[in-house]
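Reviewing the structure listed below.
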Amino acid sequence: MENYQIDNLDKNILNALMENARTAYAELAKRFAVSAGTIHVRVEKMKQAGIITGTQVSINAKQLGYDVCCFIGINLNNARDYPQTLLHLKELAEVVEAYYTTGNYSIFIKVMARSIDHLQDVLINKIQAIEAIQSTETLISLQNPISRAVVP
């Protein structure tokens, strides 16, 4: 089912669920003039095709006291150190995203910290303490004016 091609109804369903994943299938059916069974079948097909991979709750990190968002570019001593370094980074709660990249850095991570002091502690005592990491560059985010999912 990996070659499933979405149509306009699928796009409408995806957009509606991205706006509110808790929307009842009956409500979607009414909105798009199809049966609830059709909505259910379409959602299941998109799950099987790997288009829908789950649902999640959106959390406002600032409301939980995480006031500092930053991105850290990581240079490794050796490319073969990537898998082990990733395992170490996965253990750090402050690391919320990681990317294996081309360009200046081997790994690019997003870190959420409660304060600059917390960020300094995470950077020095957790991230830079990983032996395979040669160097890092930290970019502090001042704001996040665009944050959205890809448009179906």
Side-chain angles (χ1 to χ4, degrees), residues 1-23 25 28 32 39-152:
M1 175 102 24
E2 55 199 48
N3 293 329
Y4 183 76
Q5 295 295 314
I6 65 172
D7 62 13
N8 285 336
L9 177 57
D10 293 325
K11 287 179 185 180
N12 289 337
I13 293 168
L14 288 171
N15 283 320
L17 292 176
M18 286 168 55
E19 193 174 301
N20 180 0
R22 297 179 64 181
T23 305
Y25 289 178
L28 295 176
F32 304 129
I39 300 293
H40 178 77
V41 167
R42 294 296 187 103
V43 168
E44 287 305 311
K45 283 183 178 180
M46 288 189 282
K47 283 180 182 178
Q48 288 173 8
I51 295 167
I52 295 176
T53 58
T55 56
Q56 63 189 41
V57 173
S58 295
I59 294 175
N60 183 330
K62 282 198 178 292
Q63 292 298 104
L64 292 175
Y66 289 87
D67 289 329
V68 179
C69 171
C70 71
F71 299 90
I72 301 174
I74 297 173
N75 290 307
L76 298 175
N77 290 320
N78 196 302
R80 71 173 175 263
D81 294 330
Y82 171 73
Q84 193 62 33
T85 303
L86 198 57
L87 290 175
H88 287 296
L89 292 170
K90 279 183 179 180
E91 293 174 7
L92 307 179
E94 295 88 355
V95 176
V96 296
E97 293 180 28
Y99 300 90
Y100 191 35
T101 61
T102 62
N104 292 336
Y105 309 108
S106 304
I107 303 171
F108 204 70
I109 61 174
K110 179 179 177 182
V111 170
M112 295 300 296
R114 294 184 179 280
S115 64
I116 293 296
D117 288 342
H118 181 208
L119 172 60
Q120 181 178 347
D121 176 61
V122 170
L123 194 56
I124 293 170
N125 299 315
K126 295 181 180 180
I127 295 170
Q128 291 174 343
I130 298 170
E131 267 188 59
I133 294 179
Q134 181 181 57
S135 63
T136 62
E137 182 178 0
T138 304
L139 303 136
I140 295 176
S141 171
L142 300 177
Q143 63 176 216
N144 181 200
I146 301 171
S147 179
R148 59 180 169 223
V150 66
V151 177

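No experiment lies behind these values; they were computed from the predicted model shown.
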TODO: Using the side-chain contact (heavy atoms from CB on, under 4.5 Å) rule, pick out the option among Ile39, Leu28, Ile13 that qualifies with Thr23.
DONE: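 The side-chain contact (heavy atoms from CB on, under 4.5 Å) with Thr23 is passed solely by Leu28 among Ile39, Leu28, Ile13.
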
Open item on the list: Test your reading of the model: is there a side-chain donor-acceptor pair from Asn144 to the backbone of Ile146, 3.5 Å cut-off?
Closed with: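 Looks like yes, one N/O pair under 3.5 Å.
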
TODO: Give a yes or no on whether the backbone of Asp67 and the side-chain of Lys62 come within a donor-acceptor separation of less than 3.5 Å.
DONE: yes

Task: Parallel, tilted or perpendicular: rings of Tyr66 and His118 (30°, 60°) - done: tilted

Rounded distance [0.5 Å steps], [atom1] in [X] versus [atom2] in [Y]:
X	Y	atom1	atom2	result
Gln128	Ile74	CD	CD1	9.5 Å
Asp10	Asn15	CG	CG	11.0 Å
Thr136	Leu123	OG1	CG	4.5 Å
Ile130	Leu92	CD1	CG	5.5 Å
Glu91	Leu87	CD	CG	7.5 Å

- [ ] In sequence, state the C-alpha distance, the side-chain angles, and the governing distance for Asp7 and Arg42, and then conclude on salt bridge (charged side-chain N to carboxylate O under 4.0 Å, His left out).
- [x] CA-CA 10 Å; Asp7 62 13; Arg42 294 296 187 103; 2.8 Å; yes

TODO: Would you indicate whether the side-chain heavy atoms of Ile140 and Leu119 approach each other to under 4.5 Å?
DONE: yes

Open item on the list: Is the shortest side-chain heavy-atom distance between Ile52 and Leu14 below 4.5 Å?
Closed with: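 A side-chain contact exists here, since the closest heavy-atom pair is under 4.5 Å.
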
TODO: Run the numbers on Leu86 and Tyr100 for side chain to side chain contact (heavy atoms under 4.5 Å, CB included), then give the verdict.
DONE: CA-CA 9 Å; Leu86 198 57; Tyr100 191 35; over 6 Å; no

- [ ] Given side chain to side chain contact (heavy atoms under 4.5 Å, CB included), test Val68 with Val111 step by step and report yes or no.
- [x] CA-CA 8 Å; Val68 179; Val111 170; over 6 Å; no

Open item on the list: For a side chain to side chain contact (heavy atoms under 4.5 Å, CB included) check, start with the C-alpha distance between Tyr105 and Asn75, then their side-chain angles and the critical distance, and finish with the verdict.
Closed with: CA-CA 5 Å; Tyr105 309 108; Asn75 290 307; 4.0 Å; yes

